[in-house]
Amino acid sequence: MVQAADPDQKYYDALDELSVLPLWRVEESNQARSPATIRPYVWRWADLHPRLMQTTEVVDLESGAERRVLTMQNPGVRPLAGATHTLTASLQLIMPGEIAPAHRHTMAAFRFIIEGQGGYTVVEGEKVPMSAGDLILTPNWTWHDHGNEGDQPMIWFDGLDVPFVRSLKACFYQDFPGRQAQPVKADYPESYERFGAPGLLPAKQRPSTLYSPLNLYKWEHAYEALQRLQAIERDEFDGTVLEYVHPLTGGHILPTMSCYLHGLTGGTHTRARRTTASSVIHVVRGAGYTVMEGQRFDWADRDIIAIPPWCWHEHVVAPDTDAIFFRVSDLPVLEPFGLVREEAYKPNDGHQPLDGAS
Ligand code: GTQ
């Protein structure tokens, strides 16, 4: 059947010619009233790890890829990359003796080390050693290359603000001349020597960068601080939570991403909440499940959890194991514009009814 022509169609066609839309006809979804497209998701280490090791058969760092990286793709962002609409989360592998050549980009990055020893990142000439549980920053436009002087594969979790920077069309990228490592100016983690002591700062050296001047947050300090705080404080939504901060301002570690360490004791069941900030969690250790929008997502050691914006979520930890989460959030890009909203789930003591398992 032929539809009766809209008497105003000519008018709308004329607007189309002008590349203009009548807002009253714009679909609600187009107006982004709810950021519903990003899906709650869990990537399992048991699936990812063998595929990461197989990259050694598929690409080499000498002549092939610059980085051996598998990046999580939320089904809601296809065909682009992104664990959420603002954050990328990836696993990177570097084999003994390999070099991942230096480059820099306007996208900020950090690495949370998962396993291996003898690996390092050079950040602006500073050689930063990697140990499991360490957090290493390579902020916006800092030269960085990686290497592995050990005899084991070195594996870490990469977090970047790529989709956010992409949305602003502010992506710039540069290779270090000669596809090689940058010259090392300090063969020790100089920024840690300067800024790594708790509550103490050099009296005369206070850089004014937006990002933290400390490139290495060691696991031993983070873990000790978590245990100490866990002994005296617990939040019903977050367990016990520490933020990795800029040592000069006490603010977020990077202007686009904030990083946290959560301790959740065995048997914990947090209250559900939703927030406009999206998060990605790397499960440092532990087992349990997260309920997101009524759906149960099981997780275990080293799994990666995507929590979309405005998605109800609560965590349940298995009774016999304590859990530790490393979490990255896009909160810093929402705060300056008054776009942070949070809501606690009120019914049923703060726990969502379960629709089913993932
Ligand atoms: O190690 O420099 O996961 O440039 C994505 C882009 C890691 C890196 C990623 C990168 C890197």
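Everything numeric here is computed off the predicted structure, so don't read it as measured data. As the structure lists them, so they are numbered: ligands from 1, and atoms in each ligand from 1. Each residue takes its place number in the sequence, starting with 1.
Not less than 6.0 angstrom separates the ring centroid of Y211 from the ring centroid of F110.
For ligand 1, the atoms sitting less than 4.0 Å from at least one non-hydrogen atom of V69 are 3 (O), numbered in the order shown with element in parentheses. Atoms of ligand 1 lying under 4.0 Å from at least one heavy atom of H146, given by number and element, are 1 (O), 2 (O), 8 (C). Short contacts between ligand 1 and S90, defined as distances under 4.0 Å to a heavy atom of the residue, involve ligand atoms 3 (O). Every atom of ligand 1 is numbered from 1 in the order shown, and the set under 4.0 Å from a heavy atom of Q92 is 1 (O), 7 (C), 8 (C). Proximity to H144 (heavy-atom distance under 4.0 Å) selects the following atoms of ligand 1: 2 (O), 8 (C).
Looking only at protein heavy atoms, the nearest one to atom 3 (O) of ligand 1 is D158 OD2, 2.8 Å. Counting protein heavy atoms only, atom 4 (O) of ligand 1 is closest to H103 NE2, 2.8 Å. Considering only non-hydrogen protein atoms, atom 5 (C) of ligand 1 sits nearest to L160 CD1, 3.8 Å. For atom 8 (C) of ligand 1, the closest heavy atom belonging to the protein is R67 NE, 3.0 Å.
When non-hydrogen atoms are compared, ligand 1 lies under 4.0 Å from neither the backbone nor the side chain of M107. Contacts of T138 with ligand 1, taken as heavy-atom pairs under 4.0 Å, are absent altogether.
In this structure the side chain of L91 reaches within 4.5 angstrom of the side chain of M72, judged on heavy atoms.
Using modelled atom types and a 3.5 Å distance limit, the side chains of S212 and Y244 yield no donor-acceptor pair.
For E190 and K185, the salt-bridge test fails: no basic side-chain N is under 4.0 Å from an acidic carboxylate O.
For the side-chain contact (heavy atoms from CB on, under 4.5 Å) test with H144, the passing option among R111, E126, E124 is R111; the others fail. The one candidate from D6, D8, D16 that meets the salt bridge (charged side-chain N to carboxylate O under 4.0 Å, His left out) condition with R25 is D6.
Under the 3.5 Å distance criterion, the side-chain polar atoms of Q352 are matched with a main-chain donor or acceptor of G294.
Relative ring orientation between H313 and H315 is described as tilted, the plane-to-plane angle lying within the 30° to 60° band.
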